[in-house]
Structure formats: structure tokens, C-alpha cells
Amino acid sequence: MFLSRFTNSSKMLHCISRMNSSTFKILNDIPKDNTVPQFTVGRKNGFLPWGAPLARLPEPFQIIDEILDEAPYYKRDGTPGKLATGSFGEYVREKLPLLDVSNIKDSALLFALYRDYTFLTSQYILEPCHLHYIATKSKDYGLGRSRLPANIAIPLVSLAKQLGAKPFMEYTCYATYNWQKIDPTGNCDAQNIKLVRHLEGSQHETGFVAVHIAMVQHSGELVSNVQDVLDAVEKRDREEFDICLKKMLTTTKIINVKMDTMWEYSSPKAYNNFRTYIMGTKSQPMFPNGVVYEGVSEEPTFYRGESGANDSIVPTIDNLLELTDTMPDNPFTAILKDFRTYRPVNHNAYLSYVEEKAKSIGVRAFATQDSNSTVLYQALLDQVSEFRERHWRFTKNYILKYSKHPRATGGSPIITWLPNQLATVMQAIVNIQNFIKEDELSHENKQLYVELTKKADTQLRILRREVEELKKDYPGQDIDFQEVEGYKPKKVETQSAATFGQAKPAVA
Ligand code: HEM
């Protein structure tokens with residue numbers, strides 16, 4: 001049975017889940033009703049859409065297929081597209097009529113149109129930046145276009161409103177709603193994935209997105225694991241709790257192993273060939289005055305760019321383990337919270353549910369009442385650290401080796417932001433040892449605990465030194481709260497990256 005109470009109103013979905021934080025309706029099966037929002041969290045689809053992403057648009061929208069086929073730097077036949085010749089801007093201004101998208105009932109078409117208008121937007125405003133980046137031999141991006149024409153802006157804003165999304169390219173647009181299986185009977189491993197839309201058009205771009213999909217295909221198991229852990233804590237069932245933590249460990253290990261295949265599917269050297277087009281307009285020097293959406297408002301807009309930071313796997317685990325609560329109250333954490341608004345409303349509501357539920361029933365407190373459970377909890381923290389550590393390695397090899405640009409695609413400071421969270425989780429692994437009584441541990445858990453604690457402690461010291469060194473080469477890495485408008489710090493603990501990621505002590 002799928003969730004029949006869902007309607008295509010994203011606001012309604014948000015309300016349903018927020019009305020009662022002790023329950024959250026998760027899809028148990030694939031819906032038959034095509035008005036159910038594509039990004040509804042489910043035990044089968046997890047954080048992927050519940051239906052296969054729509055690859056081709058029906059009339060009267062086929063003109064968008066045509067334009068997007070012509071756009072990529074390299075078209076499907078390998079010849080240069082409009083972005084390579086610098087003619088995309090003029091082409092789309094002239095060729096695209098102002099289409100009416102105000103009343104789209106089918107959730108697949110609604111999301112496909114939103115995806116496609118965000119592609120048109122990013123290609124339009126960032127076309128000059130990539131050409132500048134090539135002309136200056138990777139030195140800088142110059143300025144982007146500061147006005148988005150009405151034939152793109154008006155429909156995009158309407159679609160975003162219908163979805164409760166930002167009118168800008170989110171992670172869902174570039175990654176989780178932008179793929180097809182090559183063999184429809186196969187799974188979503190990277191070799192079986194091709195893209196619906198390209199920005200650059202290389203196999204490295206396909207590989208980059210495909211590895212994300214290969215990881216997110218396991219998020220259905222993760223959603224089930226999370227629910228089982230929460231149920232076990234509510235029942236105060238220790239045996240069941242330990243079994244569930246072990247199952248979740250298996251899932252997280254699979255996801256981390258899939259992450260490692262990035263090196264195989266997408267080369268570090270090729271990443272910067274498509275990275276420009278996924279940049280945002282917020283906290284980016286290419287858009288000092290933002291972007292005006294013509295026909296909508298003369299007020300400039302500022303949006304974060306596409307980023308894996310909008311994926312829901314890691315935030316879900318952060319929230320379940322109550323790690324989010326130990327993040328320092330600094331501007332980096334403020335950015336992390338801001339990122340959470342750049343995702344489907346149902347994902348955001350799910351994240352809030354997990355966060356509130358874990359706190360109210362005390363997942364961490366329950367874990368730390370037993371030394372062996374605490375080690376399993378610590379092992380899960382270690383998987384979050386493994387994810388973030390792999391990720392920091394990607395950033396050093398795919399980005400820092402080739403670019404001195406100070407901001408990541410999502411607008412976070414490239415040197416200090418990721419280490420803020422990485423250091424927090426490493427510190428949490430070290431701190432949790434206060435709850436472990438070695439003489440109560442099984443032989444297996446004792447070995448694991450010693451190994452995990454030592455590893456985190458060493459990595460933390462290396463990371464701190466590394467960040468201080470790297471900061472010298474990148475300007476503006478220490479930011480203040482003003483950059484994250486709307487965020488109210490509870491208490492300013494630090495504004496300096498010198499003490500980034502100091503987790504608060506774990507309190508049971
Ligand atoms: C070559 C591969 C990758 C590179 C270079 C890269 C780069 C980055 C950067 C620079 C950030 C900082 C946020 C921002 O954009 O402003 C970020 C955040 C993030 N990315 Fe990636 N990414 C890669 C692959 C992935 C993959 C495969 C995933 C899997 C879903 C992922 C998930 C995340 C998450 C969850 C965050 C937030 C991290 C946190 O909470 O500490 N990334 N990424």
C-alpha cells in the first residue's frame with residue numbers, strides 16, 4: 001500500500017509531517033497515483049524519485065528538448081554545442097517561447113520541467129564564465145550574466161513555486177532527477193546509468209553524476225534502517241537496537257564503497273570542465289549583484305549552486321545520531337543548515353522528523369547506556385567520518401589541484417567548510433569514549449573501539465594542520481554570520497576556522 005494521503009501539494013506534505021513529529025509517513029511501495037510528488041521518501045526509492053525520471057517532454061514542451069540537445073559543450077554526436085561557441089545565450093533568447101506551465105498535475109512532468117528550466121538558467125547565466133575560465137587558463141571565471149530573460153525566468157519561478165523549491169538548479173535537477181538506466185532491468189550502479197541532460201557532455205560528467213545515483217540507490221535500505229533503529233529505541237529493546245545498528249553499518253559501508261568508484265568513473269582533471277555550470281549566484285564573485293529574473297521582479301536573487309551537500313543520506317545519519325546537535329554554533333554550521341533548504345520539501349520534512357524524533361526518544365542516550373551499543377554507535381560515526389574524509393580527499397584532488405577559486409559550487413568557503421563537519425564527527429568519535437567501559441566490551445568491540453578512537457584522534461590533528469596550511473593560499477576562508485542571512489546564532493562560539501569543528505561534549 002502506498003501513502004494515499006499524499007497529494008501533489010508540497011505544502012500539504014510538509015504540513016502532514018510537521019503536524020506530528022512522532023510519525024512520518026514513508027512510502028512503503030511505488031505509488032500508482034501520478035500526482036504523488038516524485039521526491040517522496042520511501043522504503044524502496046529512498047531519496048531517489050519514486051518513478052524513473054522523465055527523459056523526453058510531451059508537446060508543447062518539446063522545444064525545450066531541442067534546445068537542451070543543442071546546448072552542451074559537446075553534443076551527443078561529439079560536435080561542439082552552443083556553449084562551446086558562446087552562442088547559447090542568443091539562441092535561447094530567440095528560440096524559446098514563453099510557455100505556460102502554471103497548471104501541471106503530473107508529478108513527473110512537473111519535476112522534469114523544473115529540472116529543464118534550471119538547466120536553461122545555469123547555462124544562460126554561466127556561459128560567459130566558462131568561456132572566461134578557458135581563456136584565462138583556469139585563472140578565474142569573470143562575470144556571469146546578471147539578468148535572466150523572462151522566457152526562462154517566469155516559467156521557472158512558477159514551477160519552483162508549485163514544488164516548494166528554489167528557482168535554481170538543485171542537486172535533484174542535476175543528479176537525482178537526471179538519469180536513466182541503460183538496461184532497464186538492471187540496478188543503478190554507475191555502469192548502468194546515462195544522463196538525461198548534459199552540461200558539458202563528456203563521459204566524466206556522466207560518471208560524476210552516475211556515482212551519486214549508485215550511492216543513493218541504497219538510501220531505501222537506509223530509510224528502513226533508520227526507522228528500525230528509532231522503533232528499537234522507543235521499545236527500549238537493547239538486542240534489537242544492536243542488530244539494527246549493525247544492519248545500518250552494512251548499508252553505510254556499501255554506500256562508502258560505491259563512493260570510491262568516483263576515481264574510476266570520473267577523472268579529477270576533467271571535473272573543472274563541467275563544474276562551472278553548476279556554480280550558484282550566492283557568495284560567488286561572478287555575481288556581485290546577483291541575478292534579476294526578468295518579468296518576475298527587479299529585485300536581484302542569490303541562490304546556492306548545485307552541490308552534493310543537498311543530498312539527504314549524510315544529514316539523515318547526522319540527525320539520527322544527534323550529531324547535528326553537536327555541530328559548533330558558527331557560520332559554517334549556519335551554511336550547513338541553509339543547504340538543507342535546497343532540497344525537496346518532503347526530504348526536508350523527513351530530516352526534521354528524524355532529528356526531532358531522535359532527540360525526543362534519546363537515541364544517543366540509549367546507545368551510551370551500554371558499552372557495546374556505544375561502540376556500534378561509534379562505528380556508525382566512523383562511517384560518517386569515512387564519507388566526509390573521502391569527500392575531503394575528492395575536494396583536494398578534483399578541485400584544489402586545479403583551481404584557486406575560493407568558493408565551492410554551493411558557495412561555501414572551499415577550505416574551511418567541509419573540515420568544519422569532518423572535524424566535528426572526528427571529535428565526536430573521540431568524545432564518545434567517555435561512555436565506554438572497556439571491561440564490559442566483547443573482544444571484537446574492544447579491538448574496534450581502540451582502532452576507531454586512535455584513528456579519529458590522529459586524523460583530527462592532521463586535518464587541523466592541513467587546513468591552516470591551505471588557508472594561506474585561498475582568500476576569505478574565515479567567514480562571519482552576515483553571509484548567512486536569516487540565521488540566528490544561539491551563542492557565537494567561534495568565528496574563526498582555527499577552532500572549526502570543535503564538537504560539543506557528548507551528553508547522555
Ligand atoms: C569528485 C567528487 C566530488 C567533489 C569534488 C565534491 C565537492 C564538494 C564540495 C566542494 C562540497 C562543499 C559544499 C559546496 O558545494 O559549497 C561538497 C559537499 C557535499 N557533497 Fe560533494 N563532491 C563530490 C562528490 C560527492 C558525492 C559522490 C556525494 C554523495 C552523495 C557528495 C555529497 C556531498 C555532501 C553530503 C556534502 C556536504 C558535506 C557535509 O555535510 O559535510 N559529494 N562536495
Side-chain angles (χ1 to χ4, degrees), residues 46-48 169-172 174-176 190 193 204-205 207-219 222 252 255-275 278-280 282-284 303-319 323-324 327 332-333 335-340 342-343 347 351 383-403 405-426 463 470 474 477 479 483-484 500-501:
F47 302 127
L48 286 177
M169 182 182 277
E170 293 188 357
Y171 171 73
T172 45
Y174 188 51
T176 46
I193 294 296
H204 301 285
E205 184 189 18
F208 175 75
V209 174
V211 172
H212 288 78
I213 308 306
M215 292 166 70
V216 188
Q217 73 175 316
H218 298 287
S219 58
L222 184 75
T252 52
I255 292 173
N256 274 330
V257 167
K258 293 274 161 85
M259 191 169 190
D260 275 339
T261 63
M262 183 64 80
W263 304 97
E264 183 188 331
Y265 286 100
S266 191
S267 127
K269 211 171 169 192
Y271 178 60
N272 289 283
N273 296 339
F274 54 92
R275 181 177 179 236
I278 55 174
M279 295 274 182
K282 187 173 190 155
S283 308
Q284 289 291 4
Y303 295 111
R304 297 194 178 282
E306 194 276 345
S307 172
N310 305 329
D311 185 82
S312 295
I313 293 174
V314 165
T316 297
I317 310 174
D318 281 352
N319 285 355
L323 189 62
T324 311
M327 297 277 178
F332 306 119
T333 303
I335 291 181
L336 181 80
K337 302 216 164 137
D338 194 31
F339 267 129
R340 292 190 178 164
Y342 286 73
R343 67 187 69 233
H347 285 194
L351 288 178
Q383 285 305 306
V384 176
S385 173
E386 284 269 329
F387 178 100
R388 290 193 159 115
E389 212 278 321
R390 276 173 171 76
H391 203 266
W392 177 230
R393 217 176 314 143
F394 282 161
T395 301
K396 286 184 283 182
N397 286 284
Y398 283 72
I399 302 174
L400 304 186
K401 266 195 187 161
Y402 302 97
S403 164
H405 190 69
R407 294 300 167 119
T409 57
S412 70
I414 191 76
I415 303 298
T416 42
W417 189 75
L418 287 167
N420 179 63
Q421 292 83 253
L422 177 54
T424 301
V425 63
M426 286 171 173
L463 180 68
L470 283 166
Y474 292 79
Q477 297 301 307
I479 56 167
E483 203 172 295
V484 201
F500 63 86

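These values consider heavy atoms only, across backbone and side chains, with no hydrogens, waters or symmetry-generated copies. Whatever order the structure lists ligands and atoms in, that order sets their numbers, starting from 1.
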- Query: Are Tyr171 and Tyr174 close enough that their ring centers fall under 6.0 Å?
  - Reply: no
- Task: Answer with yes or no after comparing the ring centroid distance for His204 and Phe208 against a 6.0 Å cut-off, counting only values under it.
- Result: no
- Would you please name every residue forming a salt bridge (charged side-chain N to carboxylate O under 4.0 Å, His left out) with Lys258, sequence neighbours left out? Asp189
Could you pull out every N or O of ligand 1 that sits under 3.5 Å from a protein N or O, with the distance for each pair?
residue	atom	partner	partner atom	Å
ligand 1	15 (O)	Ser307	OG	2.9
ligand 1	15 (O)	Thr409	OG1	3.4
ligand 1	15 (O)	Gly410	N	3.0
ligand 1	16 (O)	Gly410	N	3.2
ligand 1	16 (O)	Ser412	N	3.3
ligand 1	16 (O)	Ser412	OG	2.7
ligand 1	20 (N)	His391	NE2	2.7
ligand 1	22 (N)	His391	NE2	2.9
ligand 1	40 (O)	Arg388	NH2	2.9
ligand 1	41 (O)	Arg388	NE	2.7
ligand 1	41 (O)	Gln421	NE2	3.0
ligand 1	42 (N)	His391	NE2	2.7
ligand 1	43 (N)	His391	NE2	2.9

- When rounded to the nearest 0.5 Å, the distance separating CH2 of Trp392 from CH2 of Trp417 is 12.0 Å
- So OG of Ser412 and CG of Asp338: to nearest 0.5 Å the spacing works out to 11.0 Å
- Side chain to side chain, Pro268 and Tyr402, heavy atoms closer than 4.5 Å: yes
